[in-house]
Asks: 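This is the structure I have questions about; it appears just below.
Note that the numbering runs from 1 along the sequence shown for the chain. Below, each value reflects all heavy atoms present in this structure, side chains not excepted, and no hydrogens, waters or symmetry copies. Note that the coordinates shown come from a computational prediction; the quantities given were computed from them, not determined experimentally.
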Amino acid sequence: MGLFSFTQEIAMDLGTANTIITTNGKIVVDEPSVVALDRRTDKMIAVGDKAKMMHEKTHENIRTIRPLRDGVIADFYACEQMIRGLIKMVNNRSRLFSPSLRMVIGVPSGSTEVELRAVRDSAEHAGGRDVYLIFEPMAAAIGIGIDVEAPEGNMIVDIGGGSTEIAVISLGGIVANNSIRIAGDDLTADIQEYMSRQHNVKVSERMAERIKINVGAALTELGEDAPEDYIVHGPNRITALPMEVPVCYQEVAHCLEKSISKIETAILNALENTPPELYADIVHNGIYLAGGGALLRGLDKRLTDKINIPFHIAEDPLHAVAKGTGVALKNVDRFSFLMR
């Protein structure tokens, strides 16, 4: 891209937890969806990793915001600032003028018209000239490498930070879908609540997330894959004295039970609404897990045992949607399921 390229194409997976931008088929930005603003002037101080480091550690003049909640935009201004900041990271070379952007953005399949409008407006305010939207499960399917335009049924379960997207895809369209607002953030909140109730220790959102990454599990029996106990440091809720609590994966599996059961129920609901011919394809092909939630230890085995259909974890679950939006961007004119 030289000094005089007028249009730049970027694909964006605008997630509740992370935002990933690809251009020319390569991932160029992979940052947490957090922005830090100055309270007095509302100017952006930091975005992505830098803002995440400030999260829960700020003084009164700085506020850190996660602009997306449950997969949709909760703070319009902050989201626009965040998109601008992340796009700047892509365009860090000197140009005489900023190019007009052609963007494809992944959105949850359960989004309402108002929510879709908010994503589009944010992107346009941040410099997008042509903005296309694609449903995340469709993008995840393309990213995994499934031929979405083939006349056969494939089922995707994309467990992100704010929402779990479940979709049956055939002939380039979504046949049955179910989008629930229970995902990674809820698991983190469950852990926070459990630590407070069971161990009387106060843990921050970030600490709860570290517990989830280190000892998070969906099964109480993991055998050889069992992670070592994780030591949690924090203040006692009642006396405020420092505590040190070892947490094992069985405990975490128990406290995540309720939320994972809701995800199971949602998958069964989507299967219930699937035409029998496509259902047969799904039983044959298995169900694909994508998104950060797919990395929860033992989740694929638990779902396989419960639903009797094999579950496969995508090769690179965190980047499946981003890769899919990248492929869709290259074939904007060919793919009919991109919404304008």
Asks: Show the numbers, then the answer: is there a salt bridge (charged side-chain N to carboxylate O under 4.0 Å, His left out) between R117 and E113?
Replies: CA-CA 6 Å; R117 182 83 231 163; E113 283 300 315; over 6 Å; no
Asks: Please determine if D75 and R66 form a salt bridge, counting it only when a charged side-chain N lies under 4.0 Å from a carboxylate O.
Replies: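 Not counted as a salt bridge, because no side-chain N and carboxylate O are separated by less than 4.0 Å.
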Asks: Does a salt bridge link E115 with R181, judged by any charged N lying under 4.0 Å from a carboxylate O?
Replies: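 Here E115 pairs with R181 in a salt bridge, since their nearest N and O are under 4.0 Å apart.
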Asks: Do E56 and R206 sit within salt-bridge range, that is, some charged N less than 4.0 Å from a carboxylate O?
Replies: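 Result for this pair is no, no salt bridge flagged.
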Asks: Is it the case that one hydrophobic cluster holds both V157 and L219, taking links as side-chain heavy atoms less than 4.5 Å apart, direct or via other members?
Replies: yes
Asks: If we ignore angles and hydrogens, is there a donor and acceptor under 3.5 Å between the side chains of S259 and D186?
Replies: no
Asks: Show, in sequence, the C-alpha distance, side-chain angles and deciding distance for I146 and I169, and conclude whether the side-chain contact (heavy atoms from CB on, under 4.5 Å) test is met.
Replies: CA-CA 10 Å; I146 295 169; I169 291 167; over 6 Å; no
Asks: Would you check if L256 and I191 make a side-chain contact, meaning some heavy-atom pair closer than 4.5 Å?
Replies: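 With C-beta onward as the side chain, the pair touches.
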Asks: Charged N to carboxylate O under 4.0 angstrom, R197 versus E193?
Replies: yes
Asks: Got a second to check how far L14's CG is from T19's OG1, nearest 0.5 Å?
Replies: 4.5 Å
Asks: Check the hydrophobic clustering (I, L, V, M, F, W, Y; side-chain heavy atoms under 4.5 Å; chains of links allowed) and say if L318 and I263 are grouped together.
Replies: no
Asks: Would a single hydrophobic cluster contain both I287 and V148, if residues Ile, Leu, Val, Met, Phe, Trp and Tyr are joined by side-chain heavy-atom contacts under 4.5 Å?
Replies: no
Asks: If I compare all heavy atoms of P235 with all of A240, which pair ends up nearest, and what's the gap?
Replies: CB-O, 4.2 Å
Asks: Determine whether M195 and V247 satisfy the following criterion, side-chain contact (heavy atoms from CB on, under 4.5 Å), listing intermediate values before the conclusion.
Replies: CA-CA 9 Å; M195 293 303 293; V247 181; 3.6 Å; yes
Asks: Does the side chain of P227 come within less than 4.5 Å of R297's, by heavy atoms?
Replies: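 A side-chain contact under 4.5 Å exists here.
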Asks: Using a strict cut-off of less than 4.0 Å between a Lys/Arg side-chain nitrogen and an Asp/Glu carboxylate oxygen, indicate whether E221 and K301 qualify as a salt bridge.
Replies: no
Asks: If you count heavy atoms of other groups shown closer than 6.0 angstrom to CE of M53, is the number above 12?
Replies: no
Asks: With a 4.5 Å cut-off on side-chain heavy-atom distances among I, L, V, M, F, W and Y, is there a chain of contacts connecting L171 to L278?
Replies: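 Different clusters: L171 never reaches L278 through Ile, Leu, Val, Met, Phe, Trp or Tyr contacts under 4.5 Å.
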Asks: Side-chain heavy atoms nearer than 4.5 Å, only ILVMFWY residues, links allowed to pass through others: does that put I166 and I313 together?
Replies: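 Yes, I166 connects to I313 through the hydrophobic network.
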Asks: So D190 and E257, do their side chains get closer than 4.5 Å, heavy atoms only?
Replies: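 Side-chain contact under 4.5 Å: no.
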Asks: Pair R210, E205 - check salt bridge (charged side-chain N to carboxylate O under 4.0 Å, His left out), show working.
Replies: CA-CA 9 Å; R210 287 198 287 271; E205 188 185 322; over 6 Å; no
Asks: Is there a side-chain contact between V114 and L116 in this structure, where contact means two heavy atoms from C-beta onward sitting under 4.5 Å apart?
Replies: no
Asks: Report yes or no: do H284 and D281 form a side-chain donor-acceptor pair below 3.5 Å?
Replies: no
Asks: Between CD1 of I156 and OG of S109, what distance do you get to the nearest 0.5 Å?
Replies: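 Between atom CD1 of I156 and atom OG of S109 there are 11.5 Å.
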Asks: Less than 4.5 Å apart, side chain to side chain, heavy atoms only: is that true for F135 and E165?
Replies: no
Asks: Quick one: pull up OG in S33 and CG in D13 and give me the separation to the nearest 0.5 Å.
Replies: 8.0 Å
Asks: Roughly how far apart are I307 CD1 and R302 CZ, rounded to 0.5 Å?
Replies: 10.0 Å
Asks: Can E315 and K323 be counted as an ion pair, charged N to O under 4.0 angstrom?
Replies: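 A salt bridge is absent here (no side-chain N lies under 4.0 Å from a carboxylate O).
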Asks: Flag the pair I10 / T22 as yes when at least one side-chain heavy-atom distance between them is below 4.5 Å, and no otherwise.
Replies: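 Of all side-chain heavy-atom pairs linking T22 with I10, none is under 4.5 Å.
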Asks: Should T164 and D158 be marked as a side-chain contact (heavy atoms from CB on, under 4.5 Å) after you check the CA-CA gap, both sets of side-chain angles, and the distance that decides it?
Replies: CA-CA 6 Å; T164 295; D158 174 22; over 6 Å; no
Asks: Kindly indicate, with the supporting measurements, whether the criterion side-chain contact (heavy atoms from CB on, under 4.5 Å) is fulfilled by V29 and I20.
Replies: CA-CA 5 Å; V29 173; I20 303 167; over 6 Å; no
Asks: Backbone N or O of L329 within a donor-acceptor pair of the R102 side chain at under 3.5 Å?
Replies: no
Asks: Would H319 and D30 count as having a side-chain donor-acceptor pair, cut-off 3.5 Å?
Replies: yes
Asks: Taking the side chain from S179 and the backbone from S111, do they hold a donor-acceptor pair closer than 3.5 Å?
Replies: no
Asks: About how many Å separate CD1 of I282 and CD of E277, when rounded to the nearest 0.5 Å?
Replies: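 Rounded to the nearest 0.5 Å, the CD-CD1 separation comes to 11.5 Å.
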Asks: So does R334 pair up with E149, basic N to acidic O under 4.0 Å?
Replies: yes
Asks: Whether the N200 and R237 side chains hold a donor-acceptor pair (N or O, under 3.5 Å, no angle test) is what I'd like checked.
Replies: yes
Asks: Between M207 and Y230, is any pair of side-chain heavy atoms under 4.5 Å apart?
Replies: yes
Asks: Under a 4.0 Å N-O cut-off, is there an ion pair linking E60 with R40?
Replies: no
Asks: Does atom CD (Q198) have a neighbourhood of more than 12 heavy atoms from anything else shown, all under 6.0 Å?
Replies: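 Yes, CD of Q198 has more than 12 neighbouring heavy atoms, counting only those of other groups under 6.0 Å.
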Asks: Taking the six-membered ring for Trp, are Y194 and H199 parallel (under 30°), tilted (30 to 60°) or perpendicular (over 60°)?
Replies: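 Correct class here is perpendicular.
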Asks: Once rounded to the nearest 0.5 Å, what's the spacing between atom NZ of K57 and atom OG1 of T64?
Replies: 11.5 Å
Asks: Taking the side chain as every heavy atom from C-beta outward, state whether T16 and D185 have any pair of such atoms under 4.5 Å apart.
Replies: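 Yes - at least one pair of side-chain heavy atoms lies under 4.5 Å apart.
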